[in-house]
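Worksheet for the structure shown next.
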There are 2 protein chains.
Amino acid sequence: MKPRLSDIARNLSVSAATVSLALSGKGRVSNEMVARIKAEANRLGYSPNPMGKALRTGRSQVIGLVLPDVANPLFPRMARSIVMAAEEHDFGVLIADSHDSPAKQNEAMKRLVDLGSDGIVVIPRKGTEVGPQPIPVAVIDALGSAQNVVSADHAGGGAIAIGHLQEAGHRRILCVGETRSSLVQRTRIGGMVGAAAPDAQLLQLWLEDAPDVVGLIRDGATAIATTSDMIALQLLTELGKAGLNLPEDYSLVGFDNLDFAGIISPALTTIGTSEAEIAERAILGLTRLINSGAPVESQVVPMHLVRRETVKQLARRKN
Amino acid sequence: MKPRLSDIARNLSVSAATVSLALSGKGRVSNEMVARIKAEANRLGYSPNPMGKALRTGRSQVIGLVLPDVANPLFPRMARSIVMAAEEHDFGVLIADSHDSPAKQNEAMKRLVDLGSDGIVVIPRKGTEVGPQPIPVAVIDALGSAQNVVSADHAGGGAIAIGHLQEAGHRRILCVGETRSSLVQRTRIGGMVGAAAPDAQLLQLWLEDAPDVVGLIRDGATAIATTSDMIALQLLTELGKAGLNLPEDYSLVGFDNLDFAGIISPALTTIGTSEAEIAERAILGLTRLINSGAPVESQVVPMHLVRRETVKQLARRKN
DNA sequence: CACAGCAGATTAATCGTTTTACCTATGAGG
DNA sequence: CCTCATAGGTAAAACGATTAATCTGCTGTG
């Protein structure tokens, strides 16, 4: 059905070896021959059979991607960035789901290996460790791990959020995360408190404790920094029901720059990641690992402020 | 490095053929031999080299998945469902991005083919047609197309939304979509107006026309049905700024049951899809296509109401 | 006793490509 | 005129599995 290498060879009365060499530009083939071969390949619409090639070379040009629970709303953009970066390097991306279960995470990786991946990119589920694998692995956002290749600067992002709020004059700030069990969230909160000005009061709150945010705002807190836009949205609607409005009654900053952040009104100020850069570095690291086996050093990519409408500049009281 | 079929054969002093036959349970191999071979395979941690197998059988056990612009917020759950369904049928999923461009959609498909997929599932970008491909294709949600294998019942979903609103006593309802260029959105709206009660007034609105929703609600419309939770969220925050609150001042129903729908307060009533069922049917259709080549008939899967807090029962005026 | 039939295993071809080692003119240099 | 390097090309061996065809003893039967 589909044309093979040998079809080109037969049509041109040359050997398959010559065709292969000509198309890959590796051996010594006359310019004229190369031209004729390429022309014929084109005419037939030839593209090499990936299995034949993979079997011979030991490389499938496919990498696996393991994503954490779908609950993570960063999923789509991260996946997309990984796919695009992989494409740049001529790799396809096999995707696997860790099914919200740490155990399944390893199963997923095994499946990817068994399907023939050349390497794996994993964004681990919170609280899991990625075991040693028979093929190269690049881990994203595994803040502690040795296999980590690149992470977002979550602490730095937290610092940016608080810095922005403090510049706008806020001093009593609520830092709210969802659950302590997420290292990423803890790190973000850590960055926040680390950036506190000497005269500022930051209060750490976890949604799992069902804190009384409305009461705290009424008691004089003027701003909220969250570890996720999702939390910000939840808070925003709850405070709204209580009659507290944005940005006049309090200021709010989210995290992750999710899709809806720019759509709601007022638009949510938040902290964004360069998924593209993270993906690019992860893929770069992984391809190096695949090609040379040399370990790559872990990198941190900065986050940035997405300035929108939910942070209000406070009037200076004294100067 | 990794054990091959022949390693097992050598260790047990049998031929490779016997090992293959034993492991696949196909040929005539004595029970005792099968047991010994399986034991040895286990001991070595053998798993077959996918390229060798694929080259011989002509099947890679991998299907491709082409997703539309990332703007579609259904993306993550749909992808996940497809991956899970594929897994059930022992297929891996190669993912490709259509880069928000209709032209790239075909490029993406070509890449998947060149990478060795056995078939392709595509959720086409709005307004694009999927050309003929060298391998089987199952199209999801291509309302018109012949290649369509399964779609959600968007019109039915619209009808459910309006039905629910009408049951709660609403008669003046705003139906708001984002853009007329989306066939899915037009179909949803179509379903809505088709379900209108004789005494009801439904008004079609498109965000691209920047309609004055606040004014219309003040003028007496009591409910809004949208074609997407995203639109619902946008409206909800805008109306909130204008002092119109949910559910006392108006009722609202979204579409798609996005992540945030259950988190905001009050929680958003919306129309949900069974992504799992759609995915299951798509994969089933595709595997049939791959194995037998027999065309499968297109199916429609129903949507359902997710009843939450944004629809208010209106007091009966007359009885 | 000869032979058909069968269980249990093996041989060898095959899938499509890459790549090493080898072959054969041709022209240059001595 | 002989040798030799070299350019241009080819043959053949992998890679790791599957599977059709074949072989080898047996057993049971007429």
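Just the heavy atoms: all of them, side chains too, but no hydrogens, waters or symmetry mates, feed the values below. To find a chain, count down the sequence lines: A is the first, B the second, and so on, and within it residues start at 1.
- With sequence neighbours left out, A/Leu183 forms a side-chain contact (heavy atoms from CB on, under 4.5 Å) with A/Leu143, A/Arg186, A/Thr187.
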Query raised in the report: Could you run down nucleotides 9-16 of chain D 5' to 3' and tag each one B, S or - for protein heavy-atom contact under 4.0 Å?
Result: BBB-BBBB
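- A/Thr18 contributes atom OG1, which lies 10.0 Å from atom CG of A/Leu12 (distance to the nearest 0.5 angstrom).
- Listed by residue number, there are no residues of residues 34-43 of chain A with a heavy-atom contact under 4.0 Å to DNA chain C.
- The residue from A/Val83, A/Asp118, A/Leu286, A/Ile82 that alone fulfils the side-chain contact (heavy atoms from CB on, under 4.5 Å) condition with A/Phe91 is A/Asp118.
- Comparing the axis of the opening five pairs of the helix from C/dC1-D/dG30 to C/dG30-D/dC1 with that of the closing five pairs yields an angle of 70°, rounded to 10°.
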Counting only pairs under 3.5 Å, give me each side-chain donor-acceptor contact of residues 19-36 of chain B, with atom names and distances, residues two or more places apart or in other chains.
from    : atom 1 : to      : atom 2 : distance (Å)
B/Ser24 : OG     : B/Ser20 : O      : 3.0
B/Ser24 : OG     : B/Leu21 : O      : 3.4
B/Ser30 : OG     : B/Met33 : N      : 3.2

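- If you take CG on B/Asn148 and CD on B/Gln299, they are separated by 10.0 Å, rounding to the nearest 0.5 Å.
- Taken to the nearest 0.5 Å, the CD1 atom of A/Ile120 stands 5.0 Å off from the CG atom of A/Leu112.
- No hydrogens or angles considered: nothing links the side chains of A/Ser182 and A/Thr179 as a donor-acceptor pair under 3.5 Å.
- A salt bridge is defined here as a Lys NZ or Arg NE, NH1 or NH2 lying under 4.0 Å from an Asp or Glu carboxylate O, and A/Arg111 with A/Asp114 fails to meet this definition.
- Partner of A/Val150 under the side-chain contact (heavy atoms from CB on, under 4.5 Å) criterion, chosen from A/Leu284, A/Ile140, A/Val300: A/Ile140.
- A salt bridge links A/Glu40 and A/Arg43; the closest N-O separation between the charged side-chain nitrogens and carboxylate oxygens is under 4.0 Å.
- Between B/Glu87 atom CD and A/Asp97 atom CG the span is 8.0 Å, to the nearest 0.5 Å.
- For NZ of A/Lys110, the number of neighbouring non-hydrogen atoms (other residues, nucleotides, ligands) closer than 6.0 Å is 12 at most.
- Boundaries of the chain A contact region on DNA chain C are C/dG16 to C/dT19, first to last in 5' to 3' order (nucleotide atom under 4.0 Å from a heavy atom).
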